[in-house]
Number of protein chains: 2
Amino acid sequence: MKNDKSKIPEHCKKYVQGVKDTQDLMSGKWKTVIIAALYNTGKFRFMELVRHIEGISPKMLSQELKDLEANNLIKRKVVDTMPIAVEYELTSYGKSLGNVVDAMSDWGMRYRKAVFAK
Amino acid sequence: MKNDKSKIPEHCKKYVQGVKDTQDLMSGKWKTVIIAALYNTGKFRFMELVRHIEGISPKMLSQELKDLEANNLIKRKVVDTMPIAVEYELTSYGKSLGNVVDAMSDWGMRYRKAVFAK
DNA sequence: AAAACTAGTTACGCATTGGTAAGTAGTTAC
DNA sequence: GTAACTACTTACCAATGCGTAACTAGTTTT
């Protein structure tokens, strides 16, 4: 056997597992966009997000926010004014996803330029 | 209006668009894993990938490889030996996704540690 | 000559995803 | 007092994603 790739090194498995875990937490059509929005602007109310993220419905936003909150990536805060306001922002975990979102955004912008340049 | 977030700054739109574009190209259950595998190891034949990526079926692998090739992220090379071999590797575009995959892997590994540490 | 390996393809089907539309409960502006 | 706003929820439906299993066509090993 000249080149046996059948044995997968441990660090490689961990590397891939990391990618999978991150992907799972950011799965679905809207989570990365929500995270990107909160990462850029800091704090948003529910309807602000609905208006800010074009195309999202209240149903999907609500669902995705719940998922993100369950994974401790964002925190939901009810401001007890009259009328009540609900604010969403990233937790420190959530903020640490900034690297990932930045990398995706950088790459995406460069790719788009390259594609349109042809 | 104290705090008008209704006007979305242009750079913010571009930022989010970048994230979306990247997400679209890496969508599905297997693309990031395939990219990570090729990024780590360089070159793989079809059946090597099937064995290396646990859980993937030939059908899904074939489908995802086609998608990735269509988006110019990987190249497929038929080595004209007897029997023929088919090699897959990242294009330079594909390699430039390394930052994204690295960021995802880093974050995922840290997150996993943090979750199990509790 | 049969079994096994290469690189896939095809048929089938269930389950998840995500969209539309409408409804709810409370508050407030006109 | 009625329309509109906030923060959602619910019901329903269509499309897609993804898995299983089997099959193909060529090559090679036994």
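Since the structure is predicted, the reported quantities are computational estimates derived from the model, not experimental observations. Chain letters run A, B, ... following the sequence lines, proteins first and then strands; every chain starts at 1.
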Closest heavy-atom contact between B:V101 and B:M26? CG2-CE, 4.1 Å
Let me see the working for A:E64 and A:K31 under salt bridge (charged side-chain N to carboxylate O under 4.0 Å, His left out), right down to the final yes or no. CA-CA 6 Å; A:E64 301 287 60; A:K31 291 201 188 73; 3.2 Å; yes
Pairing nucleotide - C:dT16, Watson-Crick or G-U, each distance under 3.5 Å: D:dA15
Classify every nucleotide of nucleotides 7-25 of chain D by which part a protein heavy atom approaches to under 4.0 Å, writing B for the base, S for the sugar-phosphate alone and - for neither, in 5'-to-3' order. SBBBB------BBB-----
Would you call B:E87-B:K43 a salt bridge at under 4.0 Å N-O? yes
Walk me through whether A:D106 and B:N99 qualify under side-chain contact (heavy atoms from CB on, under 4.5 Å). CA-CA 10 Å; A:D106 279 1; B:N99 291 335; over 6 Å; no
Any side-chain heavy-atom pair of A:S96 and B:Y111 under 4.5 Å: no
